[in-house]
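None of these values were measured; they are calculated from a predicted model.
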There are 2 protein chains.
Amino acid sequence: MSNSLDPTITHYLSENNLPFKDFFQFGLSVDCVIFGYQQKSLKVLLIQRGAEPFQSKWAIPGDLVNPGEDLNASANRILKHLTGLENIFVEQFHTFGKTDRHPAGRVVTVGYFSLVRGENYQPVASNWASDIGWFDVEDLPDLAFDHSQIMDAAINALRKKVRTEPIGFNLLPPKFTLLELQGLYEAVLRQKFDKPNFRKKILGTGILIPLDEVQQNVAHRPAKLFRFDLERYHSLGREPFSFEL
Amino acid sequence: MSNSLDPTITHYLSENNLPFKDFFQFGLSVDCVIFGYQQKSLKVLLIQRGAEPFQSKWAIPGDLVNPGEDLNASANRILKHLTGLENIFVEQFHTFGKTDRHPAGRVVTVGYFSLVRGENYQPVASNWASDIGWFDVEDLPDLAFDHSQIMDAAINALRKKVRTEPIGFNLLPPKFTLLELQGLYEAVLRQKFDKPNFRKKILGTGILIPLDEVQQNVAHRPAKLFRFDLERYHSLGREPFSFEL
DNA sequence: TCAAAAGTGTTCCGAATACACCCATGC
DNA sequence: GCATGGGTGTATTCGGAACACTTTTGA
């Protein structure tokens with residue numbers, strides 16, 4: 001990475017009598033809202049801060065971006081650090097840059113949300129987290145910084161995205177039943193669906209592959225297992241005009 | 001804005017043997033893709049760079065964020081500066097932070113897109129633009145930096161948003177005909193619509209107010225004028241489950 | 001009277017909805 | 001047997017697509 005200056009920038013700075021350092025003085029962080037689906041509820045993974053400011057407050061996991069690190073790499077690093085998982089679904093949704101959002105100075109944070117399966121993560125104690133845990137999205141504690149606002153935006157982004165793209169599968173194990181899938185959508189969208197119609201709709205898309213496997217050890221008729229077919233999804237034509245999703 | 005340090009940050013830095021300055025060394029800019037609708041086509045406003053790097057290349061208008069300035073304020077400042085307009089539709093869509101995206105160093109840019117009506121702007125020459133002009137989105141020149149990528153993302157964000165929320169009206173004058181509205185959607189979505197069905201669908205939403213006015217001096221039956229009713233829109237219940245917009 | 005665009009009505013079809021009903025398993 | 005969830009079929013309704021048609025203006 002070069003330290004030479006962009007003539008455009010220097011020109012601008014001298015025109016406006018501004019010292020150079022003021023313009024490369026931003027702190028940059030990534031915050032990652034990690035969603036999970038457990039006990040038929042949508043959950044988020046939060047950490048409890050181990051230091052001031054906001055010591056002992058719950059917060060969205062995040063970290064400063066390293067100077068030579070891409071934003072996505074930063075988000076993946078946080079996920080790896082916290083859950084031990086790699087190659088999981090992660091997506092940027094909004095950047096928060098209010099001047100007063102961080103008491104230490106101008107720190108702009110890029111918000112990501114991530115979807116992980118079940119509880120198969122490694123909770124890792126760290127220097128910046130005294131505790132870590134899953135919270136129901138319907139019952140969240142007060143959060144540090146502007147994290148409540150970031151959380152709201154993340155949940156809205158998830159709800160919006162889940163309606164138009166088949167990302168919900170990232171919250172389920174690779175093999176799942178249709179009623180598990182329905183429960184997931186009901187939890188995310190806070191909405192009940194009719195079982196027969198849900199089946200028809202999902203199966204009608206052709207993006208689910210029925211497996212030759214069924215549930216084991218259940219006190220009722222065992223359900224057939226399915227898996228999501230990403231290839232078939234991509235080979236579909238889409239997007240009618242709806243205007244009001 | 002305080003210059004005191006976040007103990008979390010300093011702790012982290014000392015733990016990792018990293019100098020403080022490395023973490024507040026980010027440059028931050030805002031790039032604003034300005035869309036317009038003219039001659040039945042979707043256009044964007046570009047500037048021609050007056051300085052290196054990428055001198056004389058076309059680029060998305062943007063600027064460094066001032067230290068005490070919110071991101072949205074920055075976007076609005078750029079719009080005001082370039083078009084003379086205030087209070088116009090603007091929305092953040094994505095943040096671009098590849099380490100090598102700017103030759104001068106680590107500059108992260110927050111992408112916004114904006115919708116303006118017709119050509120009622122004041123093209124302003126400036127120290128960082130040698131020229132300025134509208135380009136058809138279907139026929140764009142090579143752009144400076146990673147701006148082609150940013151432009152693609154902006155167009156996709158607009159297409160996605162225009163399907164689910166009534167933002168298209170920001171590209172039209174306050175009073176418009178249904179066929180003008182239809183032409184706008186056709187240009188943005190690259191798709192033809194059936195006139196009778198389009199009318200029924202739009203009118204059926206109840207978000208358009210018919211005015212007691214018609215077109216003047218047209219060589220055919222003059223069309224009724226309508227305006228968009230934001231209040232009525234907000235008082236609507238929405239969102240069925242579509243999964244495939 | 002003709003061109004051009006505005007505006008309406010009707011038919012058809014497929015998807016979404018609302019149900020009623022049967023099936024397989026563990027206890 | 002019976003409780004529990006798995007799974008299917010059908011009738012109805014609603015909205016979208018296709019398209020034929022009439023109306024109003026300027027030239």
Side-chain angles (χ1 to χ4, degrees), chain A residues 37 39-40 162-164 166 172-173 175-187 189 191-227 236-245, chain B residues 39-40 162-164 166 172-173 175-187 189-227 236-245:
Chain A
Y37 176 64
Q39 296 110 242
K40 297 187 177 239
V162 93
R163 287 175 181 282
T164 53
L172 291 177
K175 302 172 181 180
F176 49 85
T177 72
L178 288 179
L179 240 67
E180 283 167 0
L181 184 63
Q182 180 178 341
L184 165 66
Y185 275 97
E186 290 179 341
L189 297 176
Q191 191 181 156
K192 286 285 173 193
F193 295 103
D194 178 83
K195 182 176 50 151
N197 295 336
F198 185 86
R199 295 178 68 87
K200 268 178 280 186
K201 178 155 191 171
I202 297 292
L203 257 17
T205 64
I207 60 174
L208 289 192
I209 306 276
L211 302 172
D212 286 330
E213 258 180 279
V214 293
Q215 285 179 315
Q216 301 296 328
N217 302 320
V218 284
H220 54 76
R221 174 176 173 179
K224 202 179 197 24
L225 294 175
F226 292 83
R227 68 173 182 83
L236 254 51
R238 278 171 236 99
E239 39 198 339
F241 178 63
S242 96
F243 194 78
E244 205 67 280
L245 168 60
Chain B
Q39 295 108 241
K40 297 187 176 240
V162 93
R163 287 175 180 284
T164 52
L172 290 176
K175 301 171 181 181
F176 51 84
T177 72
L178 288 178
L179 239 67
E180 283 167 359
L181 184 62
Q182 181 177 342
L184 165 66
Y185 275 97
E186 291 178 342
L189 297 176
R190 282 223 217 78
Q191 190 180 157
K192 286 285 174 194
F193 295 103
D194 178 81
K195 182 177 49 148
N197 294 336
F198 185 87
R199 294 178 67 87
K200 268 177 281 186
K201 178 157 193 169
I202 297 292
L203 258 15
T205 64
I207 59 174
L208 289 192
I209 305 276
L211 302 172
D212 286 331
E213 258 180 279
V214 293
Q215 284 180 313
Q216 300 296 327
N217 301 320
V218 285
H220 55 76
R221 173 174 174 180
K224 202 180 201 16
L225 294 175
F226 292 82
R227 70 173 180 83
L236 255 51
R238 279 172 235 99
E239 39 199 342
F241 179 63
S242 96
F243 194 77
E244 203 68 279
L245 168 60

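- The environment of NZ in Lys224(B) is crowded: more than 12 heavy-atom neighbours from other residues, nucleotides or ligands sit within 6.0 Å.
- When rounded to the nearest whole Å, the span between CZ of Phe198(B) and P of dA17(D) equals 12 Å.
- To the nearest 0.5 Å, the span separating CD1 on Ile209(B) from NZ on Lys175(B) amounts to 13.5 Å.
- In this structure, His220(A) and Gln215(A) have side chains that are in contact, with non-hydrogen atoms separated by less than 4.5 Å.
- Between dG16(D) and Lys201(B), a contact under 4.0 Å exists linking OP1 or OP2 to a side-chain N or O.
- In this structure, Asn217(B) atom CG and dA5(C) atom P are separated by 16 Å, rounded to whole Å.
- At whole-Å resolution of the value, CD in Gln216(A) and P in dG26(C) are 9 Å apart.
- In this structure, CZ on Phe193(A) lies 8.5 Å from CD1 on Ile202(A), to the nearest 0.5 angstrom.
- The distance from atom CZ of Phe193(B) to atom P of dA5(C) is 20 Å, rounded to the nearest whole Å.
- Nearest-nucleotide positions on DNA chain C place Ala219(B) closer to the 5' end than the other of Ala219(B) and Ala223(B).
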Fill in: Working for side-chain contact (heavy atoms from CB on, under 4.5 Å), residues Leu208(B) and Phe176(B)
CA-CA 10 Å; Leu208(B) 289 192; Phe176(B) 51 84; 3.8 Å; yes

Pairwise N/O distances under 3.5 Å, protein to nucleotides 8-14 of chain D:
{"unit_1": "dT8(D)", "atom_1": "OP2", "unit_2": "Arg199(A)", "atom_2": "NH2", "d": "3.2"}
{"unit_1": "dT10(D)", "atom_1": "O4", "unit_2": "Lys200(A)", "atom_2": "NZ", "d": "2.6"}

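- Across the protein-nucleic acid pair, Gln215(A) atom CD and dT25(C) atom P stand 12 Å apart, rounded to whole Å.
- The shortest distance between side-chain heavy atoms of Gln216(B) and Val214(B) falls below 4.5 Å.
- Note: CD1 (Ile202(B)) to P (dA17(D)) measures 12 Å, nearest angstrom.
- Separating the CD atom of Glu180(B) from the C1' atom of dA5(C) is a distance of 12 Å, rounded to the nearest angstrom.
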